[in-house]
Asker: 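Please read through the structure below; I'll follow up with questions.
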Amino acid sequence: MTHTTFFETRTWTGSGEGRINEDYAVIRTDARCAVLVDGATGLTKVNLVAGETDASWYARELAQQTAALLEDPAMPAARALAQAGTAVAEEYLHMPGSSALGREDLPNGSVAILRWSEDKLEVTMLGDCTAVVTLADGSARLVHDATLDELDRQNYERMFCYATQNNATMAQARKALNDRFIENRLKMNEPGGYWAADATCRGFGHELVERFPMAQVTGAFACSDGFVAAVEMGVTADETSLAQDVLAGKGEQVARALRDAEQADRDLMRVHRSKISDDATYIAIAFEQ
């Protein structure tokens with residue numbers, strides 16, 4: 001029989017969006033599932049939800065409603081996500097002002113779902129969240145769709161070129177190149193672009209799904225791109241090391257080191273990115289057979 005020996009979810013708010021955290025994660029050990037949604041604000045900063053950003057509302061509602069549907073062991077994870085996503089989209093698109101929004105205005109989210117039973121662990125991903133599964137033989141499997149990473153990387157390099165050529169800061173370059181970021185956002189949920197959760201619901205059905213025999217699994221970890229930034233910032237060697245540190249109870253230590261590294265590179269010139277720090281969230285579960 002499989003037992004959880006450690007489970008944890010932690011989140012830290014980043015430097016953007018008025019210091020409102022747009023990540024949301026929940027672990028339900030009774031239902032044997034965990035859901036993480038990394039929300040993203042529309043690029044024109046239109047906001048319909050009072051008291052928070054549309055993205056923080058979207059991430060919370062999508063995560064909670066997906067987790068609730070997963071209480072039914074017969075419900076496939078991808079179907080639960082699609083049903084929850086459709087319900088959340090319908091609610092959002094009935095809010096006053098929603099009819100005037102373009103696709104670049106809509107909140108969206110990347111999703112990681114971990115679900116386990118006596119015989120298998122299933123990892124379901126949509127967007128650019130990262131998951132790592134550690135195995136009894138000492139190896140680990142990375143589950144990640146890097147499509148959006150490459151699109152973002154191209155824009156970060158454009159920011160750097162603009163900043164150096166125009167004697168500008170990276171923050172000024174980000175504002176000057178906003179049209180480039182909108183171009184990338186409009187590639188979301190389009191053929192040849194990348195897939196994510198949003199109010200169009202076009203991304204559902206394009207999840208990346210991997211399954212592992214439960215007898216071989218020792219741990220499962222998933223995080224938002226704000227936390228996996230620990231790899232690029234040099235805090236950990238790679239995603240496997242990051243997962244192993246968190247599963248060993250060192251999540252707080254990693255997060256502090258990440259924030260220190262980001263603050264030491266406040267001008268964004270060593271590691272090119274769009275802001276000093278992003279919301280950083282993880283879920284981690286260790287298993288014993």
Side-chain angles (χ1 to χ4, degrees), residues 10-23 25 36 38-41 43 45 53 55-56 59 109-110 112 127-132 142 144-185 194 221-246 248 250-282 284:
R10 297 288 305 276
T11 189
W12 292 265
T13 303
S15 62
E17 306 308 332
R19 310 276 307 169
I20 293 176
N21 196 326
E22 296 178 338
D23 289 356
L36 185 156
D38 176 358
T41 301
L43 290 181
K45 310 300 182 186
T53 67
S56 64
S110 294
D128 66 349
C129 288
T130 296
V132 175
L142 173 68
H144 176 69
D145 182 349
T147 307
L148 181 55
D149 296 348
E150 183 54 35
L151 291 172
D152 284 340
R153 190 174 297 112
Q154 291 170 9
N155 274 344
Y156 298 156
E157 293 313 306
R158 290 186 179 109
M159 285 171 55
F160 177 72
C161 290
Y162 180 96
T164 54
Q165 291 170 6
N166 293 278
N167 195 28
T169 66
M170 288 286 275
Q172 290 168 336
R174 172 63 183 84
K175 290 180 181 178
L177 296 173
N178 193 53
D179 285 349
R180 290 287 195 172
F181 285 85
I182 291 176
E183 284 178 17
N184 278 354
R185 183 62 61 88
Y194 66 97
F221 163 84
C223 68
S224 63
D225 62 347
F227 193 76
V228 82
V231 176
E232 191 172 24
M233 296 303 300
V235 173
T236 59
D238 52 30
E239 293 86 353
T240 296
S241 298
L242 179 63
Q244 290 170 337
D245 284 346
V246 172
K250 299 178 182 178
E252 176 72 32
Q253 178 181 332
V254 171
R256 287 199 305 268
L258 170 60
R259 290 302 191 236
D260 288 345
E262 290 166 334
Q263 286 298 316
D265 185 37
R266 290 179 59 86
D267 61 4
L268 318 180
M269 296 300 280
R270 183 179 70 84
V271 177
H272 305 156
R273 56 201 194 278
S274 62
K275 53 190 170 185
I276 297 171
S277 61
D278 198 0
D279 303 328
T281 305
Y282 68 75

Asker: Could you go through Met269 and Thr164, starting from their C-alpha distance and side-chain angles, then the distance that decides it, and tell me whether this counts as side chain to side chain contact (heavy atoms under 4.5 Å, CB included)?
Answerer: CA-CA 10 Å; Met269 296 300 280; Thr164 54; 4.2 Å; yes

Asker: Do Ser110 side-chain atoms and Asp128 backbone N/O form a donor-acceptor pair below 3.5 Å?
Answerer: yes

Asker: Can you check whether Ile276's main-chain N or O pairs, donor with acceptor, with Arg266's side chain at less than 3.5 Å?
Answerer: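 Looks like no, no N/O pair under 3.5 Å.
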
Asker: Under the 3.5 angstrom rule, does the side chain of Ser15 hit a backbone N or O of Ser277 as a donor-acceptor pair?
Answerer: yes

Asker: Could you grab the distance from atom CD of Glu150 to atom CD of Gln154, nearest 0.5 Å is fine?
Answerer: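 Interatomic distance, Glu150 CD to Gln154 CD, rounded to 0.5 Å: 5.0 Å.
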
Asker: Which heavy atom of Val132 sits nearest to which heavy atom of Leu142, and what is that distance?
Answerer: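 Scanning both residues, the minimum pair turns out to be CG2-CD1, 4.0 Å.
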
Asker: Contact between Val235 and Val231 at the side-chain level, heavy atoms closer than 4.5 Å - yes or no?
Answerer: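 They are not in side-chain contact.
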
Asker: Taking NZ, NE, NH1 and NH2 as the nitrogens, is one of them in Glu252 or Arg256 under 4.0 Å from a carboxylate oxygen of the other?
Answerer: yes

Asker: May I ask you to decide if Val271's main-chain N or O and Arg273's side chain share a donor-acceptor pair within less than 3.5 Å?
Answerer: yes

Asker: Walk me through whether Glu239 and Val228 qualify under side chain to side chain contact (heavy atoms under 4.5 Å, CB included).
Answerer: CA-CA 7 Å; Glu239 293 86 353; Val228 82; 3.8 Å; yes

Asker: Nearest 0.5 angstrom please: Asp279 CG to Ile20 CD1, how far?
Answerer: 10.0 Å

Asker: Which pairs pass side chain to side chain donor-acceptor pair (under 3.5 Å) with one or both residues in residues 175-185, sequence neighbours excluded?
Answerer: Arg174-Asn178

Asker: If you round to the nearest 0.5 Å, how far is OG1 of Thr53 from CD of Glu22?
Answerer: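 Atom-to-atom, Glu22:CD and Thr53:OG1 are 3.5 Å apart.
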
Asker: Test side chain to side chain donor-acceptor pair (under 3.5 Å) on Thr147 and Asp145; report intermediate values, then the result.
Answerer: CA-CA 6 Å; Thr147 307; Asp145 182 349; 2.7 Å; yes

Asker: Considering only heavy atoms from C-beta outward, does the side chain of Met233 approach that of Glu262 to under 4.5 Å?
Answerer: yes

Asker: If I take atom CG from residue Leu177 and atom CZ from residue Phe181, how far apart are they, to the nearest 0.5 angstrom?
Answerer: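 Here the interatomic distance stands at 7.0 Å.
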
Asker: Rounded to the nearest 0.5 Å, what separates atom CE in Met159 from atom CD in Glu157?
Answerer: 9.5 Å

Asker: May I have the step-by-step check of side chain to side chain contact (heavy atoms under 4.5 Å, CB included) for Leu242 and Val254, ending in yes or no?
Answerer: CA-CA 8 Å; Leu242 179 63; Val254 171; 3.7 Å; yes

Asker: Between Asp265 and Arg270, is there a donor-acceptor pair closer than 3.5 Å when you use the side chain of the first and the backbone of the second?
Answerer: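 Yes: the side chain of Asp265 pairs with the backbone of Arg270.
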
Asker: For residues 222-237, which residue pairs pass the side chain to side chain donor-acceptor pair (under 3.5 Å) check, not counting sequence neighbours?
Answerer: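 As it turns out, the side chain to side chain donor-acceptor pair (under 3.5 Å) pairs with a partner in residues 222-237, which skip direct neighbours, are Asp23-Ser224.
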
Asker: Quick one: do the Asn21 and Thr11 side chains pair a donor with an acceptor below 3.5 Å?
Answerer: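 Yes.
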
Asker: For the CH2 atom of Trp12 and the CG atom of Asp278, what is their distance to the nearest 0.5 Å?
Answerer: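 Rounded to the nearest 0.5 Å, the CH2-CG separation comes to 13.5 Å.
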
Asker: Can you name the closest pair of heavy atoms from Leu36 and Cys129 and give their distance?
Answerer: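 Looks like CD2-SG, 3.7 Å.
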
Asker: Does the side chain of Lys250 come within less than 4.5 Å of Val246's, by heavy atoms?
Answerer: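 No, every pair of side-chain atoms sits at 4.5 Å or beyond.
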
Asker: In terms of the angle between their ring planes, are Phe227 and Tyr282 parallel, tilted or perpendicular, with boundaries placed at 30° and 60°?
Answerer: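 Tilted: the ring planes of Phe227 and Tyr282 meet at 30° to 60°.
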
Asker: Who passes ring pair (Phe, Tyr, Trp, His ring centres under 6.0 Å) against His272, sequence neighbours left out?
Answerer: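 Counting only residues at least two positions away or on another chain, His272 forms a ring pair (Phe, Tyr, Trp, His ring centres under 6.0 Å) with Phe160.
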
